[in-house]
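The next block holds one structure in the form of structure tokens; read it before the comments.
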Amino acid sequence: MRVAIQALLKMLDGLTGWLPSVRKEPDHLKTGRRGEEHAYFYLRKHGYVIVAKNWRGGGKGELDLIGWEGKTLCFIEVKTRGSRGEIPAEAAVGMKKRDELVATARLYRRRVAPETPHRFDVVSVYLGKKVEIELLRDAFHAR
């Protein structure tokens, strides 16, 4: 069933290329969207319950994915590259980006009990001939 859904999403993604607004979208945004789709299915396969995608809380930041792993609320940043390079994809999550993610996560956490355990995960997706995915649980902490 999961494979059928992934195949359907891939087909629909291909069809959206016919839409004028999507055709004009820069390649890096298309790559990022594909990476987020792969990350979504990877995380679900590994027990995460995803509750939000591309969540904006009114500030300038965005959380790629939000999900639960057990009783822990996870804020997940997805970094996608066309292929592996010398520098891993997760290296793109620098201090400025971390601060932005933490601030946006604070806005989301207003929806849950204050004592709810939470963490920040980073998923690196490499779109080569074979898609490679790496999950870094608890990749960083709020300063």
Side-chain angles (χ1 to χ4, degrees), residues 1-19 21-23 25-85 87-143:
M1 175 84 166
R2 185 175 293 156
V3 173
I5 292 171
Q6 282 180 302
L8 177 63
L9 282 176
K10 197 173 211 175
M11 183 189 73
L12 290 173
D13 228 18
L15 291 174
T16 59
W18 292 89
L19 299 172
S21 62
V22 175
R23 248 183 290 158
E25 185 177 55
D27 286 342
H28 73 280
L29 294 179
K30 291 177 188 176
T31 298
R33 190 174 59 247
R34 283 185 55 213
E36 287 176 10
E37 287 175 11
H38 283 289
Y40 171 84
F41 286 106
Y42 177 88
L43 293 168
R44 288 206 36 202
K45 181 179 173 185
H46 286 86
Y48 283 67
V49 176
I50 304 299
V51 295
K53 292 169 72 175
N54 304 115
W55 189 84
R56 293 178 182 272
K60 70 174 190 169
E62 177 184 271
L63 298 166
D64 292 336
L65 298 170
I66 303 171
W68 292 90
E69 185 180 39
K71 295 183 182 212
T72 302
L73 181 60
C74 303
F75 300 102
I76 304 145
E77 177 67 8
V78 180
K79 288 298 174 192
T80 308
R81 300 291 180 263
S83 62
R84 263 187 201 280
I87 300 172
E90 64 270 10
V93 186
M95 290 310 296
K96 183 178 177 185
K97 181 65 176 178
R98 291 177 187 191
D99 290 345
E100 186 180 287
L101 294 169
V102 168
T104 307
R106 274 194 195 107
L107 295 172
Y108 188 88
R109 288 187 59 225
R110 292 179 185 168
R111 300 168 168 227
V112 298
E115 66 276 1
T116 302
H118 69 282
R119 68 172 192 245
F120 295 90
D121 295 349
V122 176
V123 176
S124 297
V125 180
Y126 300 97
L127 303 172
K129 289 181 181 178
K130 180 184 176 213
V131 175
E132 296 178 56
I133 300 174
E134 294 177 359
L135 168 62
L136 295 171
R137 286 181 174 89
D138 206 15
F140 63 89
H141 300 276
R143 342 188 240 161

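Position 1 is the first residue of the sequence, and the numbers go up from there. As the structure is a computational prediction, the values presented were derived from the model and not from experiment.
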Can you tell me if I87 has over 12 outside heavy atoms packed within less than 6.0 Å of its CD1?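 Counting neighbours around CD1 of I87, 12 or fewer heavy atoms of other residues, nucleotides or ligands fall under 6.0 Å, so no.
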Please round to the nearest 0.5 Å and tell me the distance separating atom [atom1] of [X] and atom [atom2] of [Y].
{"X": "K129", "Y": "S83", "atom1": "NZ", "atom2": "OG", "value": "11.5 Å"}
{"X": "L43", "Y": "D121", "atom1": "CG", "atom2": "CG", "value": "7.5 Å"}
{"X": "I76", "Y": "L136", "atom1": "CD1", "atom2": "CG", "value": "12.0 Å"}
{"X": "K45", "Y": "F41", "atom1": "NZ", "atom2": "CZ", "value": "12.0 Å"}
{"X": "F120", "Y": "L101", "atom1": "CZ", "atom2": "CG", "value": "7.0 Å"}
{"X": "C74", "Y": "I50", "atom1": "SG", "atom2": "CD1", "value": "8.0 Å"}

I want to know whether W68 and Y48 have ring centres closer than 6.0 Å.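 So the answer is no for these two rings.
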Between Y42 and H46 (judged by ring centroids, cut-off 6.0 Å), do the two rings come close enough to count as a pair?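 Yes; H46 has its ring centre under 6.0 Å from that of Y42.
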Indicate yes or no: at least one non-hydrogen side-chain atom of [X] is less than 4.5 angstrom from one of [Y].
{"X": "E36", "Y": "N54", "value": "yes"}
{"X": "R143", "Y": "D99", "value": "yes"}
{"X": "L135", "Y": "I133", "value": "no"}

NZ/NE/NH1/NH2 to OD/OE distance under 4.0 Å, R56 and E62: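 E62 and R56: salt-bridged.
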Salt bridge or not between R98 and E77? Use side-chain N to carboxylate O under 4.0 Å.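 No salt bridge links R98 with E77.
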Specify the closest pair of heavy atoms between [X] and [Y], including all atoms of both residues, with the distance to one decimal.
{"X": "T116", "Y": "K71", "result": "CG2-O, 4.4 Å"}
{"X": "V123", "Y": "A39", "result": "CG1-CB, 3.8 Å"}
{"X": "V102", "Y": "A142", "result": "CG1-CB, 3.6 Å"}

Passing candidate, side chain to side chain contact (heavy atoms under 4.5 Å, CB included) with V93, options M95, K96, K97: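 By the side chain to side chain contact (heavy atoms under 4.5 Å, CB included) criterion, V93 pairs with just one of M95, K96, K97: K97.
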Side-chain donor or acceptor of [X] paired with backbone N/O of [Y] under 3.5 Å:
{"X": "D64", "Y": "V78", "result": "yes"}
{"X": "R119", "Y": "L73", "result": "no"}
{"X": "T31", "Y": "D27", "result": "yes"}

Side chains of E134 and S124 only: does a donor on one sit below 3.5 Å from an acceptor on the other?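 No.
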Angle class for the F75/H118 ring planes (parallel below 30°, perpendicular above 60°, tilted otherwise)?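 Perpendicular, since the angle between the ring planes exceeds 60°.
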Looking at Y126, does the NZ or CZ of R81 lie under 6.0 angstrom from its six-membered ring centre and within 45 degrees of the ring axis?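 Negative - R81 is either too far from the ring of Y126 or too far off its axis.
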